Amino acid sequence: EAGGWGGRRELEDRSEYKAGREAQGGIGEGVGAVGGHEEDAGGEEEGCGALRSPAYYCADNAAAGAETVGLGGVLGALGGHPENAGVQEEGCGALRTLAYKADYKAAIAAQGGIGAVLGAMGGHPENAGVQEEGCGALRTLAYNRADHKAELAAPGGIGVVLVAMGGHPENAGVQEE
């Protein structure tokens, strides 16, 4: 899958992968594409993909990514390329990664992130990658946050998740998230 988890799953725990990313400028270099390519969906997808990479799940790297790009960069990529499933998948994945940190979880919701994820999922119901990352982002955003759960439960929110689950009954990732 282009730009998705693909080969990163094989590399996520390998120290040479992490060292290689540092040699390339670290997360700041990788996510610099987000928000800088409003007309280039591929650049936006790559930047969002750098934020969601498993090698960057630690809090320090999430903070560096959020400070380098700003959450607005990821949300702008989602809003700027609604027709591009790759951008939507990577953007939802980036929000999911950033939402593991409580401060960013609140900021994502305050800046319309829950609606952006629901929009991505609603715009690509046939795409299992978008559905899996979208459900994962919503789960992470809702965890221990009654206000986020209420926003998700607003008209349409739960329906989008049910469509995802019903549309991909054989996909374990969608069902688990």
Side-chain angles (χ1 to χ4, degrees), residues 2-5 26-54 56-125 127 129-161 163-164 177:
W5 286 96
I27 194 166
E29 183 70 22
V31 300
V34 181
H37 298 281
E38 291 84 7
E39 301 300 318
D40 176 17
E44 299 284 72
E45 181 177 348
E46 179 68 25
C48 288
L51 275 174
R52 81 173 245 198
S53 176
Y56 296 117
Y57 270 28
C58 77
D60 290 343
N61 288 324
E67 290 167 12
T68 301
V69 181
L71 297 174
V74 175
L75 294 171
L78 287 168
H81 301 282
E83 73 295 337
N84 188 298
V87 172
Q88 300 304 300
E89 178 179 350
E90 297 291 352
C92 287
L95 292 178
R96 175 186 188 178
T97 299
L98 293 170
Y100 283 114
K101 192 162 176 14
D103 293 346
Y104 298 128
K105 181 185 293 194
I108 290 166
Q111 293 181 34
I114 293 172
V117 171
L118 291 171
M121 293 173 68
H124 299 277
N127 187 297
V130 173
Q131 300 309 306
E132 181 176 347
E133 289 303 321
C135 285
L138 294 173
R139 179 181 50 83
T140 305
L141 287 163
Y143 182 76
N144 283 336
R145 290 296 304 250
D147 54 336
H148 297 176
K149 289 176 186 174
E151 185 175 346
L152 178 57
I158 292 175
V160 170
V161 174
V163 167
E177 293 301 335

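The analysis underlying the following values was restricted to heavy atoms, covering all of them including side chains, and did not include hydrogens, waters or symmetry mates. Computed from a prediction, not measured in an experiment: that's the story for all the values here.
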Which heavy atom of [X] sits nearest to which heavy atom of [Y], and what is that distance?
X      : Y      : value
Val130 : Asn127 : N-OD1, 2.9 Å
Cys92  : Ala137 : O-CB, 3.6 Å
Pro125 : Val163 : CB-CG1, 4.3 Å
Val160 : Gly122 : CG1-N, 4.2 Å

Go through the structure and list residues passing salt bridge (charged side-chain N to carboxylate O under 4.0 Å, His left out) with Glu177, not counting sequence neighbours.
Arg96, Arg139
Once you round to the nearest 0.5 Å, how far does [atom1] of [X] lie from [atom2] of [Y]?
X      : Y      : atom1 : atom2 : result
Leu98  : Leu141 : CG    : CG    : 10.0 Å
Leu138 : Leu118 : CG    : CG    : 5.0 Å
Lys105 : Ile114 : NZ    : CD1   : 10.0 Å

Can any side-chain N or O of Gln88 pair as donor or acceptor with the backbone N or O of His81 at less than 3.5 Å?
yes
With salt bridge (charged side-chain N to carboxylate O under 4.0 Å, His left out) as the rule and sequence neighbours excluded, what pairs involving residues 141-156 come up?
Arg145-Asp147
Partners passing side chain to side chain contact (heavy atoms under 4.5 Å, CB included) against Ala116 (at least two apart in sequence or in another chain)
Leu75, Leu78
